[in-house]
Number of protein chains: 2
Amino acid sequence: MNFQMRKQLILQTLEQKDSAGVSELAELLHTSAITVRRDLALLAEKGLLVRTHGGAVRPGFAKDPVSFINKAAVNQEQKEYICHLAVKEIKEGDTIFLDCGSTTFLMCPLIRHLSIRVVTNSLPVVNALLGSAVTVNMVGGEIDHKRQAAHGLMAAEHVYRYKADLAFLGVDGISVANGLSANSETEAEMTLAMAANARRAILLCDSSKLEKDKYFQFAALSPFHAIITDKKITPALLAMYRQAGVNIVNGESSIVL
Amino acid sequence: MNFQMRKQLILQTLEQKDSAGVSELAELLHTSAITVRRDLALLAEKGLLVRTHGGAVRPGFAKDPVSFINKAAVNQEQKEYICHLAVKEIKEGDTIFLDCGSTTFLMCPLIRHLSIRVVTNSLPVVNALLGSAVTVNMVGGEIDHKRQAAHGLMAAEHVYRYKADLAFLGVDGISVANGLSANSETEAEMTLAMAANARRAILLCDSSKLEKDKYFQFAALSPFHAIITDKKITPALLAMYRQAGVNIVNGESSIVL
DNA sequence: TCGATTTTGATTATTTTTGAGCAAATAAAA
DNA sequence: TTTTATTTGCTCAAAAATAATCAAAATCGA
């Protein structure tokens, strides 16, 4: 097993899993940890991957892997289920908006093989889709470090230049009484811009966020085509939303989008 | 068993297995290790395979998936020297354009501590500056996977919305006779847009690229404020550029920007 | 067959790569 | 915050691979 072979295997592993640990790679390559570390250092120098403590990640997943990926891990199972439902709505050739939530990020592995166009303000989404069949369009503007995404006036203007078939939007809170709410005004602006320029705007929202109001309320439920949520939603809640005329889907109901 | 037959078998083996060891091949060819090594050296020279320690791999197997950062390794020492000179031009509070070359990428570690605003179309630059004192503004548009950067009409429009104090621009080729040249038209468009909207546009160009013309010529030298290059430039070339009225700097001359 | 040229193989010195132990640095936990 | 546990970079030594040199063997033309 020479360096070229190891390099190939390491990069291949990262392509599949986005990240890998040193000891894990050492076992895979039938070699010692120190050799793996040397290889990783070499590949990192070329920018083919980014070192982390204990391993390496694909370039782009680097920035703040802890906080971002951690956030993705909260309710991950529900979020993945929601993504699964959401992806069904996409047809080949579509143009879609993806905003910068952790849920939309989890959609990326599921759409890499599709010949679609994705317009997004999220850096992790861009990085996750690069090199795939998807044509990626990054929304420009000032980058918010914490959210790893572009926001602001320029970003909104960028979105208004495009029309999409679908918009998938994460929200911090939804309630029948008060509509959509967010933790920041800048995020709300992007959500509205994408919703306004898509034929269908779909909210992705795991059941823990339903009937929770966050500090900034910015839109009614009516302009949005549907809410996709998970199985943990109570029948009572489901009924309540339907009563209010909201098209809410959790994969078990017979209603289709 | 002569060379032609061995060559055939070696290449055939590589085709099947992607890689092969010297001793393994020696056994297969019923010959000694030293002969195999001589054969491999000969075939490597023709580009039919790539040598590794202990064997050889199929060409293309050794190639890096993304060629961008690879370029950073070429002439790295000269490029770092150029960056060092370039950074001296930046003042706190400045707004600067950075395009997507490997040289501008190497500037990032040197400017992370500065309270400046960077507008760039390069994803690696964005990633390298995130979480630093720098305010990052990403140019939006369709992302070119190979260059890891935004290009196109939307990207150019984005740049035209901003005014910068400085633009640092990598170029593929420069010559006194033909001015600037690039390997792609899209890159040239970004270079021009940034140059047009900066008070001072500075070309970063290691000496190996001087007096080299690439396939697409797109600008004269005159609109650019200066060229920063490295010490390896010959005195004759330096004189020739100065004769032509170009402000060219390599850190040793007394001329300041 | 002879002698010259090329190719191959063996030996040795040099280089490259690898692995282990240990102090310092970093992240996680309390 | 301090403490604890990993992880890392470093140096050194061992192992593997290589280049260099020279001798032996094969090839070839006359």
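To find a chain, count down the sequence lines: A is the first, B the second, and so on, and within it residues start at 1. No experiment lies behind these values; they were computed from the predicted model shown.
Not counting sequence neighbours, the partners of B/Arg6 by the salt bridge (Lys or Arg N to Asp or Glu O under 4.0 Å) test are B/Asp39. Among residues two or more places apart in sequence or in another chain, the salt bridge (Lys or Arg N to Asp or Glu O under 4.0 Å) test is passed with B/Asp94 by B/Lys91. With sequence neighbours left out, the side chain to side chain donor-acceptor pair (under 3.5 Å) criterion links B/Ser132 to no other residue. Residues satisfying the side chain to side chain donor-acceptor pair (under 3.5 Å) test with A/Gln12, not counting sequence neighbours, are none. For the salt bridge (Lys or Arg N to Asp or Glu O under 4.0 Å) test, no residue two or more places apart in sequence or in another chain qualifies with A/Lys214. By the side chain to side chain donor-acceptor pair (under 3.5 Å) test, A/Thr135 pairs with no residue at all, sequence neighbours left out. In terms of the side chain to side chain donor-acceptor pair (under 3.5 Å) criterion, residue partners of B/Lys17 (sequence neighbours excluded) are, by chain and number, B/Glu24. Taking the salt bridge (Lys or Arg N to Asp or Glu O under 4.0 Å) definition, one finds that B/Glu142 meets it with A/Arg117, sequence neighbours left out.
Sorted by first and then second residue, the salt bridge (charged side-chain N to carboxylate O under 4.0 Å, His left out) pairs with a member in residues 123-140 of chain B form an empty list; sequence neighbours excluded.
Of all nucleotides in DNA chain D, those with any atom nearer than 4.0 Å to a heavy atom of chain B start and finish, going 5' to 3', at D/dA17 to D/dT18.
Within the 4.0 Å cut-off from OP1 or OP2 of C/dT7, not a single side-chain nitrogen or oxygen of B/Arg6 is found.
With axes fitted over five pairs at each extremity, the angle between the ends of the helix from C/dT1-D/dA30 to C/dA30-D/dT1 is 40° (10° resolution).
In this structure, CE of B/Met5 is placed 17 Å from P of C/dT7, rounded to the nearest angstrom. The CZ atom of A/Arg51 sits 14 Å away from the C1' atom of C/dA27 (whole-angstrom rounding). In this structure, B/His53 places its NE2 atom 12 Å from P of C/dT15, rounding to the nearest Å.
Near-neighbour residues of DNA chain C inside residues 33-45 of chain B, defined by a heavy atom below 4.0 Å, number-ordered: B/Ile34, B/Thr35, B/Arg38.
Looking at the side chain of A/Thr31, the nearest of the listed nucleotides C/dG19, C/dA27, C/dT16 is C/dG19.
In this structure, A/Ser23 and B/Thr52 both approach DNA chain D, and ranking their closest nucleotides by distance from the 5' end singles out A/Ser23. Between B/His30 and A/Asn2, it is B/His30 whose nearest contact on DNA chain C lies nearer the 5' terminus.
Side-chain contact check for B/Asp230 and B/Ser207: at least one donor-acceptor pair (N or O, by modelled atom type) lies under 3.5 Å.
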Show your reasoning for whether side-chain contact (heavy atoms from CB on, under 4.5 Å) applies to A/Glu185 and A/Tyr215. CA-CA 9 Å; A/Glu185 297 183 31; A/Tyr215 109 100; 3.9 Å; yes

